[in-house]
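Encoded as structure tokens, the structure appears first; notes follow it.
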Amino acid sequence: MPHPLPHWFLLGAGNMGTLAAWYLTRAGHRVSVLRDTTEPVLHKTLRLPDEAPNVALTLPVMRPDALTAPVRHLLVAVKTPYSQSALKPLQRWLTDETLVLRLQNGLGALDGLLPEHGMLLEAVSTSAVKGQHPVHEIVAENTTWLGGSPFPPAWFDALTHHWPDLRWREDMREPQWQKLVVNAVINPLTALHDVPNGAICTDPALRAQAEVLTREADQVLQSLNPHWPGHSLDNVLAVATATAGNTSSMRADRQRGAPTEIDAINGWLVKQADMLGLAVPENRKLVQAMQSTLA
Ligand code: KPL
């Protein structure tokens, strides 16, 4: 008997959540958005690269207080500052049987919010999507790593036919940490200086700051795992060059006056450094600077 395909409940139908929902529905999975609204469905438009025709995606919506049974598959794609408020109304419907898939920037945002013995898979996407509900523009479809446990779920192989360059990894630390360092440098610097990503390479002062931030991050990650290769600056500059004209997600949040993901990105690094007894003054300064811009 083939396994039935999952019915995912999605928290966060922003850019990345919508992209994931589209790939999952293409593979035959059901996806319902959990949201406190009276709208019965969300109508989305996905703009594709290379002038391919737009995709119309209709996602059913369910209010968290309308749930009547435990959630078996939960996709968490809310921005990290909203993790706690999004998960709170679901607490009684999350069990050790719930498979949670976390698709968020940064690290640690779900710590203490999920059932102690539940199953957590992590996803790291290097795809780029911009826009605002209901129109999401897919700028580039790149690798997504999914994993965090020795074996993939039964539905994984079939999903790779519908989710471009989807790869399984037992240990997610390397792609997570690579992305974390990129986000820890590009996001707060571009947000604080209100510049596009490319300025990290072209503005000598920002490039110098990027170098110090990256060195601090590599030192923390190397203390956590002596096999961490370090030398992350090359990757940071490569991403800044490849996305030179883009507005980082933190810059966009700051421009909107919305909470940013600084705590889950540089804040995570500072917390690890404190536990390890390492000094990370530049990262600490950025956390404080970002926090005071919203105060
Ligand atoms: O992931 C990003 C973000 O903006 O959050 C980068 C890679 C910096 C691209 O803008």
Salt bridge between D274 and R284, side-chain N to carboxylate O under 4.0 Å?
yes
Any side-chain donor-acceptor pair under 3.5 Å between K130 and N246?
no
Neighbour count >12 (heavy atoms, 6.0 Å) for atom CZ, R169
yes
Angle between ring planes, W155 versus H29, binned at 30° and 60°: parallel, tilted or perpendicular?
perpendicular
Heavy-atom side-chain contact between W168 and P150 under 4.5 Å
no
Do L99 and R72 come within less than 4.5 Å of each other through their side chains, counting heavy atoms only?
no
Test item: D50 side-chain N/O and A52 main-chain N/O as donor-acceptor pair under 3.5 Å
no
Flag, side chain of K44 to backbone of V55, donor-acceptor distance under 3.5 Å
no
Using modelled atom types only, decide if a donor and an acceptor are shared between the side chain of N266 and the backbone of A184 within a distance under 3.5 Å.
yes
Do L24 and V124 share a hydrophobic cluster, counting only Ile, Leu, Val, Met, Phe, Trp and Tyr and linking them when any side-chain heavy atoms are less than 4.5 Å apart?
no
Hey, is the main chain of T95 close enough, under 3.5 Å, to the side chain of T98 for a donor-acceptor pair?
yes
Would you say L107 and V220 are hydrophobically clustered, going by side-chain heavy atoms of ILVMFWY under 4.5 Å?
yes
Only one of Y23, W145, F156 forms a ring-ring contact (aromatic ring centres under 6.0 Å, His included) with W163, so which one is it?
Y23
Would you confirm whether Q104, through its side chain, and V78, through its main-chain N or O, come within 3.5 Å as a donor-acceptor pair?
yes
Would T190 and M250 satisfy side chain to side chain contact (heavy atoms under 4.5 Å, CB included), going step by step from the backbone distance to the final call?
CA-CA 8 Å; T190 56; M250 199 174 284; 5.7 Å; no
Joint cluster assignment, M119 & L10, ILVMFWY side-chain distance < 4.5 Å:
yes
Should I265 and N187 count as side-chain neighbours, where that means a heavy-atom distance under 4.5 Å?
yes
So, the side chain of R254 versus the backbone of A191: is there a donor-acceptor pair under 3.5 Å, distance only?
yes
Using modelled atom types only, decide if a donor and an acceptor are shared between the side chain of E282 and the backbone of L213 within a distance under 3.5 Å.
no
Report yes if some heavy atom in the side chain of L90 is under 4.5 Å from a heavy atom in the side chain of L74; otherwise report no.
yes
So N105 and S249, do their side chains get closer than 4.5 Å, heavy atoms only?
yes
Within-4.5 Å side-chain heavy-atom neighbours: L278 and S223
yes
Between E122 and G147 (side chain of the first, backbone of the second, donor and acceptor by atom type, cut-off under 3.5 Å), is there such a pair?
no
With a sphere of 6.0 Å drawn around CD of Q84, does it hold more than 12 non-hydrogen atoms of other residues, nucleotides or ligands?
no
Do any N or O atoms from the side chain of R26 and from the backbone of H162 form a donor-acceptor pair under 3.5 angstrom?
yes
Considering the options L42, T25, V31, which one meets the side chain to side chain contact (heavy atoms under 4.5 Å, CB included) requirement together with L57?
T25
Between the side chains of S232 and D218, does any donor sit under 3.5 Å from an acceptor?
yes
Side chains of H136 and L19 in contact at under 4.5 Å (non-hydrogen atoms):
no
Compute whether any side-chain donor of one residue and acceptor of the other, for D165 and T143, lie under 3.5 angstrom apart.
yes
Close side-chain approach of N197 and S248, heavy atoms under 4.5 Å:
yes
Applying a strict under-4.5 Å side-chain criterion to I, L, V, M, F, W and Y, I'd like to know whether F9 and V33 cluster together.
no
Backbone N/O of N283 and side chain of E216: donor-acceptor pair under 3.5 Å
yes
Exactly one of V287, D263, L180 should register a side chain to side chain contact (heavy atoms under 4.5 Å, CB included) with W268. Which one does?
L180
